[in-house]
Amino acid sequence: MLAHPAWSAGTSAGTVIENVAQVNFDISGLNITLDSNVVSLTVAERVDVVVALQSPEILAASGEVDSGLLFTVSNTGNGSEAFSLEIDSVLAGDDFDPTPAVPAIYFDTDSSGDFSVGDVAYQAGVNDPVLAADASINILLVNDIPTTASNGQRGRSELNARSLTGSGSVGTIFNGQGDNGVDAVLGMTGGSGAATGVYLISDVQVQILKSVVVADPFGGAEPVPGAILNYAISIEVTNSGTAANAVVTDVVPTNTTYVSNSLQVNSSALTDAPDLDAGELNTSGVATLVVRLGDLTQSDGRQTVTFQVSID
Amino acid sequence: MKSMSKLAVFLFFTATSMAVFAQDGGYLEVNTVVQTEEAYTDEAGELRTRLVAAEKVVPGDEVIYTVTFKNVGDEPAENVVITNPISADLTYVAGSAFGASSSVQFSVDGGKNFAAAEDLTVSEDDAARLATPEDYTHVRWLFSNDLAPGAQGVVRFRARLK
């Protein structure tokens, strides 16, 4: 009997499980033990794959190029499998069809979670991912957003993964096609999987402007020790759409000290403590001011965050 | 030189005991098979199951081990016990051990100690808990009746591939 680690995907394909029964008995006062024949069972390969979307709904602008959706392809079978990948961006139930880039499928080679320069393109039949049992790989679908897509519209794009051993109905058998020549059987997923990502058009634009006014202790505007720097950060959202969960963060400059309780948003004071109000001075690490503005739209108008520091 | 002579003695005894079996033509024959259950529809259109050779077994599938034994000698066999290991890649299916006129016991320590399911415990974090089928390493059947010459018996259990 071979000892194997307990894969969550199950006992490895090709594992041989041998069994010998034993009989023990007494005859004429003699105690005897005998072994049975050896019966062996070879574990077949179960072919299963699961595709899962990793990106939440991605915000994109109309006309944007090379927007990536992140997926994970997992081999949930008990043997090594190669998978072919396909993209489908012409799906029902959405407002527009994203345009697959050429090429459109990439490995997330640099593990950044988004489409970047170092990512290697997938080529069917050339670099089909080979995954060990229980292994998974991150895949990016890259689409361009049509200029005709308008704010608030959604476009869907699907990644399909298919076992190269075969796919189809659950229980389909591929004789001798599994690891080391064992039989392969299609599991619950039928040897294929798919998941769909969504692009949500948001043409919203956010402008941030930061300014400073110096007040020295002598009534002038010289940046000398003891002078107060009055910072103002203005945030304005334009175009249609919502800037969700807008947060302003700003590091207290070196060689300056934050003036206690000087933080304000739209002329309303905020406490320095991390409490229920919208802002605080975060002192873990480099002193940083944090103000949460919530969901902003054009109708909210200009938001202004102010605070003071003194030159050391 | 000493070790060589010991080896010679050992070989001598082994050969002798084998000879005894050969002369008597054996006492009991024991045979084991592993099968799976297959659903089929009979001539009357009824859905039935039958046992077929265990091929194409994948994780999650159940297999059925059947051990048959027969007294091929001239004298009754007393205190017959059939013991079957449960591979680490398999999990015993609770309540599946079958054997007419036998009591069933399990081991969780590689066959050293056996007890009925309700009396078998495993120590975990310095506390004893009732053993579960996942803990079983062996199953055995104890027969209270003698096995007469020519008589045969059968035991069976199911296990699920991990």
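Order of the sequence lines sets the chain letters (A, B, ...), proteins ahead of strands, with each chain counted from 1.
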**Fill in**
Nearest heavy-atom contact between A:A44 and B:K56 is CB-CA, 3.5 Å
**Prompt:** If you measure from OH on B:Y27 to CG on A:L34, what distance do you get to the nearest 0.5 Å?
**Reply:** 9.5 Å
**Message:** Heavy-atom pairs under 4.5 Å with chain B - which of A:V38, A:V43, A:D35 has more of them than the others?
**Reply:** A:V43
**Fill in**
Rounded to the nearest 0.5 angstrom, the CG-CG distance for B:N79 and A:N24 is 8.5 Å
**Fill in**
When rounded to the nearest 0.5 Å, the distance separating OG1 of A:T11 from CZ of B:R160 is 12.5 Å
**Message:** Can you tell me how far apart CG (B:D74) and CD1 (A:I27) are? Round to the nearest 0.5 Å.
**Reply:** 9.0 Å
**Complete:** Okay, B:V155 and chain A: the region with an atom under 4.5 Å from a heavy atom over there is neither
**Item:** Distance (rounded to the nearest 0.5 Å) between B:N84 CG and A:S36 OG
**Value:** 7.5 Å
**Request:** State the CG-CD distance between A:N31 and B:E78, to the nearest 0.5 angstrom.
**Result:** 11.0 Å
**Request:** Give, as side chain, backbone, both or neither, the part of B:L147 having an atom under 4.5 angstrom from any heavy atom of chain A.
**Result:** neither
**Request:** Against chain A, label B:Y65 side chain, backbone, both or neither, depending on which of its atoms sit under 4.5 Å from a heavy atom there.
**Result:** side chain
**Top contributor to chain A interface from B:T83, B:V80, B:L90 [non-hydrogen pairs under 4.5 Å]** = B:T83
**Request:** Using a cut-off of under 4.5 Å on heavy-atom pairs, state which of A:V185, A:N175, A:I173, A:T42 scores highest against chain B.
**Result:** A:I173
**Message:** So for A:D183, is it side chain, backbone, both, or neither that comes closer than 4.5 Å to the heavy atoms of chain B?
**Reply:** side chain
**Request:** Would you mind reporting whether B:D89 and A:T15 have side-chain heavy atoms less than 4.5 Å apart?
**Result:** yes
**Message:** Between A:I17 and B:L161, is there a side-chain heavy-atom distance shorter than 4.5 Å?
**Reply:** yes
**Asked** Which heavy atom of A:N19 sits nearest a heavy atom of B:P85, and at what distance?
**Response** OD1-O, 3.3 Å
**Under 4.5 Å from a heavy atom of chain A, the part of B:V33 involved** = backbone
**Request:** Side-chain contact test, heavy atoms from C-beta onward, threshold under 4.5 Å: evaluate it for B:T32 versus A:N37 and give yes or no.
**Result:** yes
